[in-house]
Asks: 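The structure under discussion is supplied below as structure tokens; questions concerning it will follow.
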Amino acid sequence: MNKIVSYVLADIIRNRMILFYAIILLALSLSVFSLEDTASKGVLSMLNLILMIVPLFNIIFSTIYMYQGSEFIDLLVSQPIQRKTLWRGMFLGLISSLGIAFLVGAGWVIVLFEPNYVGVLLLACGLLLTFIFSAIAMLAAVLFVDKAKGIGFSVLIWLFYSILFDGLILFLVFQFSDYPIERGMILVSMLNPIDLARIMILMQLDVSALMGYTGAIFKDFFGTQEGILISFSMLILWAIIPFLVSAKKFRTKDL
Amino acid sequence: MIQVQHVSKRFGNFEVLKEIDLAFKPGTCVALIGPNGSGKTTLLKSILQMVQVDHGAILFMGESILGQWEYRRFIGFMPQMTRYPENMTVGALIEMMIDMREHVSILDEELINSFHIRAIYHQRMGTLSGGTRQKVGACLAFLFNPYVLILDEPTAGLDPLSAEILKQKISQEKANGKLIIISSHVLSELDELASDVVYMQEGSILFQKTMAELKLETHELKLSKILEKKFRAR
């Protein structure tokens, strides 16, 4: 498997798109942190940036890469290599290269300007979102033979979690505003990795005081060690489950 | 060496393989022929488990291949119109294929030499012509000295000289006691190579016979004439 990982890694690192991604991240994160007067504001802007760019780039790039790499996959399945090993190697190669790009582009800037708990949390969320959306991309690539459909599916997933999901939540909150739904909202937020990361970081900042009663309930959960631990486990599950489903599909796929 | 037992496969509503039963012995060269869409490639791919069969079993050296993968190191596969990683150079591709294997016995570089592949080691796969890719594919299939060679339309797109080199290599490996399965539409080249003929039609085996049996039956020497006679007789 290590050989497959290193081939994928070497292949992606040479890709121009990933260089572009790292440079954009670097430019944005440097300017965000040096423009804001307080570090806390910097974290907030950085958070919004990461929640927007990281899922979008990772899901699109990974989907396209998986379709381009189908030649590599076709070639290797006829060789004495287990399909499980091949798929795992592809995934590890993909997430490690994208993870490196994130660390080079934004990771070290965050740690430099925000060398504390929140900074590390933000870094971890960025990496986890990278893994999650690459895993979803692999699922898209194995579900759809047609490249256009696969990329369409990926864009739709991104759109759903970035925009539509929040609209849906807003609608539900409005409809059920007479009921005590705050605790339920914590559960619902677990269903969207982007929201989960957002709430987790927000609750570590002072701005959470501005959110009224819901903010207090959220703070009660996400402010504690257990809350953070549970949220992190959820984010990890968000990366593992799509990957496992894709691996299971790939095992019996006809090529 | 390879036994195919009651194998069926359908793609959606289309039944590609219907209850296929076949046995392949070492030291033979089996010509797999039949019209387009008769299931030849699917059958070859299911031996490599690139296609997962719905029913039936395939045995390799007496053991079911289901869930196995190591047996593939004994098989050299040359696919039909392969796609290779476009950005890789020929040299890097061959290096990688060697690198990916855990057990590499003695490499058979005869085809690499006779096709002069080393001269194009620095070229990217994406820039090669169809015939040249085919040559690289042939080199890879023979490279690891496999017991079984599965060649899907090996000479399609090759120039006559290269096709001749490949044919010589095939008959040499057959003499070495290897099992060779060739799917092809060029009957004239099969005349010299094949010792057995499997004819497929619409996912079924119409017949599996040795060349000697067929020649005796039809009193013809050429495969094209044999087939013509056999189908007229029906």
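Note that the structure is predicted; figures quoted are calculated from it, not measured. Convention: sequence-line order gives letters A, B, ...; per-chain numbering from 1.
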Asks: Just one of B:Phe144, B:Trp69, B:Tyr147 clears the ring-ring contact (aromatic ring centres under 6.0 Å, His included) bar with B:Phe74, so which one?
Replies: B:Tyr147
Asks: Could you please spell out the steps behind the side-chain hydrogen bond (donor to acceptor under 3.5 Å, both in side chains) verdict for B:Thr155 and B:Glu189?
Replies: CA-CA 9 Å; B:Thr155 54; B:Glu189 70 183 28; 2.7 Å; yes
Asks: For B:Ser8 and B:Glu15, what are the C-alpha separation, side-chain angles and deciding distance, and is it a side-chain hydrogen bond (donor to acceptor under 3.5 Å, both in side chains)?
Replies: CA-CA 8 Å; B:Ser8 301; B:Glu15 219 175 347; 5.1 Å; no
Asks: Please look at B:Phe11 and chain A and tell me whether the side chain, the backbone, both or neither of the residue comes under 4.5 angstrom of a heavy atom of that chain.
Replies: side chain
Asks: Give a yes or no on whether B:Glu202 atom CD has more than 12 heavy-atom contacts from other residues, nucleotides or ligands under 6.0 Å away.
Replies: no
Asks: Which bit of B:Leu93 is near chain A, if near means a heavy-atom gap under 4.5 Å: side chain, backbone, both or neither?
Replies: side chain
Asks: Which of residues 237-255 of chain A have a heavy atom under 4.5 Å from any heavy atom of chain B?
Replies: A:Arg251, A:Thr252, A:Lys253, A:Asp254, A:Leu255
Asks: Taking the basic N atoms (NZ, or NE/NH1/NH2) and the acidic carboxylate oxygens, is any pair closer than 4.0 Å for A:Asp74 and B:Lys45?
Replies: no
Asks: Under the rule for ring pair (Phe, Tyr, Trp, His ring centres under 6.0 Å), what residues qualify as partners of A:Phe113, not counting sequence neighbours?
Replies: A:Phe33
Asks: Heavy-atom distances under 4.5 Å only: say whether B:Tyr84 touches chain A with side chain, backbone, both or neither.
Replies: both
Asks: Under 4.5 Å heavy-atom distance to chain B, tell me which part of A:Thr85 shows up: side chain, backbone, both or neither.
Replies: neither
Asks: Using non-hydrogen atoms and a 4.5 Å limit, figure out which bit of A:Leu76 sits close to chain B: side chain, backbone, both or neither.
Replies: side chain
Asks: Please rank B:Gln68, B:Met50, B:Arg73 by heavy-atom pairs under 4.5 Å with chain A and give me the top one.
Replies: B:Met50
Asks: Sorted by first residue and then second, give each ring-ring contact (aromatic ring centres under 6.0 Å, His included) pair with at least one member in residues 12-68 of chain B; sequence neighbours left out.
Replies: B:Phe60-B:Tyr71
Asks: Between B:Arg118 and B:Asn113, do the side chains contain a donor N or O and an acceptor N or O under 3.5 Å apart?
Replies: yes
Asks: Can you check whether anything in residues 139-152 of chain A gets within less than 4.5 Å of chain B, heavy-atom wise, and list it by number?
Replies: none
Asks: So what's closer than 4.5 Å to chain B heavy atoms on A:Phe72: side chain, backbone, both or neither?
Replies: both
Asks: Parallel under 30°, tilted from 30 to 60°, perpendicular over 60°: which one fits the rings of A:Phe61 and A:Tyr65?
Replies: parallel
Asks: Using a cut-off of 6.0 Å, state whether more than 12 heavy atoms not belonging to B:Ile106 lie near its atom CD1.
Replies: no
Asks: Of the listed residues (B:Met96, B:Glu70, B:Glu86), which shares the most heavy-atom pairs with chain A below a 4.5 Å separation?
Replies: B:Met96
Asks: Search all heavy atoms of B:Ala141 against all heavy atoms of B:Pro146 and return the closest pair with its distance.
Replies: O-CG, 3.5 Å
Asks: Do B:Arg72 and A:Gln79 get their side chains close enough for a donor-acceptor pair, meaning under 3.5 Å?
Replies: no
Asks: Do you know the tightest heavy-atom contact between A:Ser154 and A:Ile59?
Replies: O-CD1, 3.6 Å
